[in-house]
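See structure below.
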Amino acid sequence: MGSLQLEDFVAGWIGGAASVIVGHPLDTVKTRLQAGQGYGNTLNCILTVYRNESVVGFFKGMSFPLASIAVYSSVTFGVFSNTQRFISQQRYGDSNHAPALSDLIVASMVAGVVSVGIGGPVDLIKIRLQMQTQPFIKANINLRHRATGFPAYRGPIHCVSSILRQEGLAGIYRGAGAMLLRDVPGYCLYFIPYTFLCGWITPEGCVSPSPSSVWIAGGIAGAISWGTATPMDVVKSRLQADGVYLNKYKGVIDCISQSYHSEGLKVFVRGITVNAVRGFPMSAAMFLGYELSRKALRGDQAETNP
């Protein structure tokens, strides 16, 4: 079981890197729509970013999540897989026993909690780097000593040091409460649909799902998970973007209250289309990278390449 644990973590890293490369451009659009000003709809946001910042604008803040995905994604997938195997071992005496729904729920929730500890700072830096070129409405700003028009951060390292200096260690985990409320149910709606869809699509007697089955099941699971996670994702994005030039929200409840009073209920579904659309290729790439690399690491290629 020790080597299997290592394979899960390595495979999670490969899957995570694939998902970041595939999904980051749409992630930038999603963040700008949720926390930026004056973009209107998704298409207008894409055109505005392209016109003002060219293709490079869509990849702002990607270096940090790509570098840190080695830890974040591998831990999430590793924790989920190993928790699931541990539960199966305890309940059925066989770590490879097919998990029940309750087993998947517990494993998903554990993965969600652990992911926030690592993913919170990663998401914060990514969002701060994505948002620092934003136009801000001066009436809403207490600029303090910073001037608009100039990037607040020179890069990921400078961003981390600035946050630690100005906001302390708690600043690195800004929005963690909202992220916990997003990720614990979010991972249940990620791993559980994937597991059941994979089993449903895969023909009887096959040792493992085919790449196309993994791609379809992973994509659908991602679209479901990201679509339903959107309301809390809006709150998390706003809390984490808050602080580039201003400090507007006191916490999760205050952010929900202010957002609702100023923009109504519709604000909580802002970016839901781009979230669900982006969720499909990102998760498909994630699960495909994970499953194929895990299979290669275990030397199971004979199953798919006779």
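For clarity, every value in this text was computed on a predicted model and none was experimentally measured. For this chain, numbers begin at 1 and follow the sequence in order. Computed over heavy atoms, backbone and side chain alike; hydrogens, waters and symmetry mates excluded.
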Spell out, as yes or no, whether a donor-acceptor pair under 3.5 Å connects the side chain of [X] to the backbone of [Y].
{"X": "Asp242", "Y": "Lys248", "result": "yes"}
{"X": "Thr202", "Y": "Gly199", "result": "no"}
{"X": "Ser283", "Y": "Met286", "result": "no"}
{"X": "Asp254", "Y": "Lys250", "result": "yes"}
{"X": "Ser162", "Y": "His158", "result": "yes"}
{"X": "Ser88", "Y": "Arg85", "result": "no"}
{"X": "Tyr173", "Y": "Gly117", "result": "yes"}
{"X": "Asp103", "Y": "Ala100", "result": "yes"}

Query raised in the report: Looking at residues at least two apart in the chain, or sitting in another chain, which of them share a side-chain hydrogen bond (donor to acceptor under 3.5 Å, both in side chains) with Ser225?
Result: none
**Report entry** Sequence neighbours excluded, every pair satisfying side chain to side chain donor-acceptor pair (under 3.5 Å) that has a member inside residues 188-199
**Finding:** Tyr194-Glu291
Hydrophobic clustering (ILVMFWY, side-chain heavy atoms < 4.5 Å, transitive) - are [Y] and [X] grouped together?
{"X": "Val184", "Y": "Ile253", "value": "no"}
{"X": "Tyr260", "Y": "Val235", "value": "yes"}
{"X": "Trp226", "Y": "Ile21", "value": "no"}
{"X": "Tyr50", "Y": "Leu26", "value": "yes"}
{"X": "Trp200", "Y": "Val214", "value": "yes"}

Report task. Check step by step if side chain to side chain donor-acceptor pair (under 3.5 Å) holds for Lys60 and Thr28. Result -> CA-CA 7 Å; Lys60 279 220 169 78; Thr28 298; over 6 Å; no
Report task. Any pair with a residue in residues 91-118 that passes ring-ring contact (aromatic ring centres under 6.0 Å, His included), sequence neighbours left out, goes on the list, sorted by first then second residue, please. Result -> Tyr92-His97
**Report entry** Whether Phe287 and Phe191 hold their rings parallel, tilted or perpendicular, with breakpoints at 30° and 60°
**Finding:** perpendicular
Report task. Could you tell me how the ring of Tyr290 sits relative to the ring of Phe77: parallel (under 30°), tilted (30 to 60°) or perpendicular (over 60°)? Result -> tilted
Report task. Tell me, with the steps shown, if Ser73 and Thr76 meet side chain to side chain donor-acceptor pair (under 3.5 Å). Result -> CA-CA 5 Å; Ser73 188; Thr76 303; 5.9 Å; no
Close side-chain approach of [X] and [Y], heavy atoms under 4.5 Å:
{"X": "Ser95", "Y": "Phe86", "result": "no"}
{"X": "Val113", "Y": "Tyr187", "result": "no"}
{"X": "Val10", "Y": "Ser293", "result": "no"}
{"X": "Val234", "Y": "Ser259", "result": "no"}
{"X": "Thr42", "Y": "Arg32", "result": "no"}

Query raised in the report: Any salt bridge (Lys or Arg N to Asp or Glu O under 4.0 Å) pairs touching residues 178-187, not counting sequence neighbours?
Result: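 Applying salt bridge (Lys or Arg N to Asp or Glu O under 4.0 Å) to every pair that reaches into residues 178-187, excluding sequence neighbours, yields Asp123-Arg182, Arg182-Asp233.
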**Report entry** Hydrophobic cluster (4.5 angstrom, side-chain heavy atoms) - remaining members for Met282
**Finding:** none
Query raised in the report: Who else is in the cluster with Val269 when I, L, V, M, F, W and Y are joined by side-chain contacts under 4.5 Å?
Result: Ile272
Requested in this report: For the pair Lys126 and Asp27, evaluate salt bridge (Lys or Arg N to Asp or Glu O under 4.0 Å) and give the outcome as yes or no after the intermediate values.
Outcome: CA-CA 10 Å; Lys126 171 179 69 68; Asp27 184 63; 2.7 Å; yes
Requested in this report: Go through the steps to decide whether Tyr249 and Gln258 satisfy the test side chain to side chain contact (heavy atoms under 4.5 Å, CB included), and finish with yes or no.
Outcome: CA-CA 8 Å; Tyr249 307 116; Gln258 283 197 49; 3.8 Å; yes
Query raised in the report: When you look at Glu7 and Lys295, which way does the salt bridge (Lys or Arg N to Asp or Glu O under 4.0 Å) test go after all the steps?
Result: CA-CA 9 Å; Glu7 285 154 16; Lys295 193 174 286 189; over 6 Å; no
